[in-house]
Number of protein chains: 2
Amino acid sequence: MTMLLRKLESIATLSDGEREAVQSLPVRNRTFGAGQDIVRDGDQPSHCCVVIDGWLFRYKILGEGRRQIFSFHIPGDTPDLQSLHLPVMDHSLGTLTQASVAFIPHESVRDLTLRFPRIGAVLWRDTLIDAAIFREWMAGMGRKSAYGRIGHLFCEMYAKLEAVGLAGDYRCPLPITQGELGDALGLSNVHINRVLQEMRGKGLITLRNNTLVVHAWAELCRSAEFDPTYLHLQKAG
Amino acid sequence: MTMLLRKLESIATLSDGEREAVQSLPVRNRTFGAGQDIVRDGDQPSHCCVVIDGWLFRYKILGEGRRQIFSFHIPGDTPDLQSLHLPVMDHSLGTLTQASVAFIPHESVRDLTLRFPRIGAVLWRDTLIDAAIFREWMAGMGRKSAYGRIGHLFCEMYAKLEAVGLAGDYRCPLPITQGELGDALGLSNVHINRVLQEMRGKGLITLRNNTLVVHAWAELCRSAEFDPTYLHLQKAG
DNA sequence: CGGACAATTGATCTACCTCAAAATTGGTGG
DNA sequence: CCACCAATTTTGAGGTAGATCAATTGTCCG
C-alpha cells in the first residue's frame, strides 16, 4: 500500500498509528491489459481500488456510440471511492494503458475510517477534489473553445503528475489518444487533431510517443485560463 | 433544522440520538434577496449552509462575461459541504430567488460527524451524489444536443423536487431564466428560447410563470436519455 | 405609469462535425 | 531484422447546430 500511503501523506500528515493501519489493510493486487473494464456501469462493487501503476479513466456510454470520459487517473489515485457510499455504479472505470491496481474491501476501508476519522476526512476530501475537477471540466465544455479546453487538460494533467513526482521539467507522460481526448472534452477526434497542430505550430507544446512537453507553460496557462486552485494541491490543515 | 433533518432522513434512517444531535446544532438563519452571493470564489467559509426556502445555484465566472452554472439547489440541499474539507472556495454560491438559508459552523458539523459517524457517512454520500450529477451534466454538455440537455435538466429537477415533496403530478416550480439555463447547459439564451419553443410545439412541456409542466414524461425522458439512477434517490442500506 | 428585466424574432456567421480516404506508427510473429 | 496488421493520426471537402448581434415585444413590480 505504499502508493496509497504516499497519496495520503501528500494530502495530510499521518500519525504512526494511522500509517500502520493503512499499511496493514488487506490488499489484493491485479494487473490489467490496456482497454479493459475494471468496474462497469450498473455493477455493485465490493472493493475500492487504488492505482498502483498505469492510467485508468472513468466514462459512460450513451447511445449510438457516443461516449463521455469523466476523468483520467494516475498512480496514487483512488478512482472508485464513491462505491463506498453509493452501492450501484452510474458509470464505468477502465484502463487506458496496461495497469496494476490494488483492491481493498469496502468493509476494511469503512472500518479504517471509523477507527481513524482523520483518514476518513482525507478520503472524503479526495472525493471533493474529484468533484472540483468535474466542475472545472464542465466550465470548459460549457464555456471554452476547443483550444482552451485542450490546453487546460494538458495543464491539469501536468500539474497532477508533477504533484506526485511523476513529472517535471514541463514534460510528462500522456498516454491518451486523440479520440480519447475528444471523448473527454466533447470534441471530435478530427478537431482535436487540428487544434493540436495549431498548438504545435505556435511552438506551445510537443506531443509524441505518449509524452507531452510544454514549451511555454505560462502562455499555455494563460490561453487555457488555467488556475490550479481547484486542484487543492496544498496539504490539508 | 427541520429541513436538514428531513433531508437526512430521506437518505437514511436516524436513531433518536442522531436526530437529537442534528436538532441541537447551533444554527443561524439568514434571508437573501434574489441574485445575491452567499459565498464567493476565493472565500474561506467558516460555516456550512442548508437551503431552507428558495433556490440557490453554484457558478464560476470566466473572463469576458462568460459564466458556468454548476448546479441548482432546492430546499433541503447542502450546497456548500465541500468547504468543510477544502478551505478555499473554487466557485461561488448565490441565490436564484429570494431565499432563506441556515448556517452551521464547520466546527459543529465536524464534531457531529465525529460523534455520529453514520451522519458523516450520509453527508459524504450527499457530496458523492453531487459529483454524480456533475458527471451527468458533463455527459450532456459533451455528447448531447441542446434539445437533449434541456430535456434532461427538466427531468432532473422534477425528479429531485418530487423526491422531497416539492413537486408532483408532473408539475414543479422552476424559477430559472432562459439566460441561466443557457449558462448551466453551455448554450446561448437565444438558442434555449428556440429549443423551448420546439418542445412546446411538440406538446411535451409548458413553462410559464416559473412553473414547469411536463405533458409527456416518458417521451421527455426518452428523448433526453434520462435515467435517474445517477441521482441515487433510494435510501442508503 | 415607468423602468428593468426577460422572452422572442430575424438575419448572418462560424466553430466544430461528419464522412471518407490516405499516411503513419507501433507492436508482433516469423 | 523485416513484413504486416491494427490502431492511430492526418488530410480534404462539405455540412450544420448553435453562436452572435440587434431589435422588438412582453411582463412584472414598485
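A, B, ... follow the sequence lines: proteins, then strands. Residue 1 opens every chain.
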Worksheet item: OP1, OP2 of C:dA11 versus side-chain N and O of B:Arg194: anything below 4.0 Å?
Response: no
Distances for protein N/O vs nucleotides 23-26 of chain C N/O pairs under 3.5 angstrom?
from: C:dG26; atom 1: OP1; to: A:Asn209; atom 2: ND2; distance (Å): 2.6

Worksheet item: Is there a side-chain polar atom (N or O) of B:Gln197 under 4.0 Å from OP1 or OP2 of C:dT9?
Response: yes
Worksheet, complete the sentence: Whole-Å distance, A:Glu198 CD to D:dT11 P, equals 14 Å
Response to the item:
Testing C:dT9, C:dC16, C:dA7 for proximity to the side chain of B:Val190, the answer is C:dT9
Fill in: Rounded interatomic separation in angstrom, taking CG from A:Leu96 and P from D:dA7
16 Å
Fill in: Contact nearer the 5' end of DNA chain C, comparing B:Glu180 with A:Ala146
B:Glu180
Worksheet item: Do the rings of B:Phe226 and B:Tyr230 sit parallel, tilted or perpendicular, given the 30° and 60° boundaries?
Response: perpendicular
Worksheet entry | Which residues share a side-chain hydrogen bond (donor to acceptor under 3.5 Å, both in side chains) with A:Asp130, sequence neighbours left out | A:Arg58
Practice prompt. Take atom CZ of B:Arg171 as the centre, draw a 6.0 Å sphere, and report whether it contains more than 12 heavy atoms from other residues, nucleotides or ligands.
Written response: no
Discussion item. What is the separation between atom CG on A:Leu196 and atom P on D:dT9, rounded to the nearest whole Å?
Written reply: 9 Å
Worksheet item: Quick one: is A:Asn193 getting a side-chain N or O under 4.0 Å of the D:dT9 phosphate, OP1 or OP2?
Response: no
Practice prompt. Rounded to the nearest 0.5 Å, what's the gap from CG on A:Leu174 to OH on A:Tyr158? Could you check?
Written response: 12.5 Å
Worksheet item: Across the strands shown, which category fits B:Gly186 at heavy-atom distances under 4.0 angstrom: base, sugar-phosphate, nothing?
Response: sugar-phosphate
Worksheet item: Which nucleotide sits closest to the side chain of B:Leu187: C:dC17, D:dT20, D:dG18?
Response: D:dG18
Worksheet item: Rounding to a whole Å, what distance do you find between A:Leu185:CG and C:dC16:P?
Response: 11 Å
Discussion item. From the set C:dC16, C:dT8, D:dG18, return the single nucleotide nearest to any side-chain atom of A:His191.
Written reply: C:dC16
Item to complete: Round to the nearest Å and state the distance from B:Asn189 atom CG to C:dA6 atom C1'.
Response: 9 Å
Worksheet entry | B:Tyr147 OH - D:dA17 P separation (whole Å) | 14 Å
Worksheet item: Which value, rounded to the nearest 0.5 Å, describes the distance between B:Asn193 atom CG and B:Leu187 atom CG?
Response: 12.5 Å
Worksheet item: Under 4.5 Å between any side-chain heavy atoms of B:Cys172 and B:Thr211, yes or no?
Response: no
Discussion item. Pick the closest DNA chain D nucleotide for A:Arg143 and for A:Asn210 by heavy atoms, then say which residue is nearer the 5' end.
Written reply: A:Asn210
Worksheet, complete the sentence: Rounded to whole Å, the CZ-C1' distance (B:Arg208 to D:dC28) equals 15 Å
Worksheet item: Taking everything shown except A:Gln98 itself, do over 12 heavy atoms lie less than 6.0 Å from its CD?
Response: no
Item to complete: Please work out if B:Arg200 contacts a base, only the sugar-phosphate, or nothing of the nucleic acid, heavy-atom cut-off 4.0 Å.
Response: sugar-phosphate
Worksheet item: Base, sugar-phosphate, or nothing: which does A:Thr177 touch, judged by heavy atoms less than 4.0 Å apart?
Response: sugar-phosphate
Worksheet item: What is the distance from CE of B:Met141 to P of D:dG18, rounded to the nearest Å?
Response: 14 Å
Fill in: All side chain to side chain contact (heavy atoms under 4.5 Å, CB included) counterparts of B:Asp80, not counting sequence neighbours
B:Val39, B:Pro45, B:Cys49, B:Ser83, B:Met89, B:Leu93
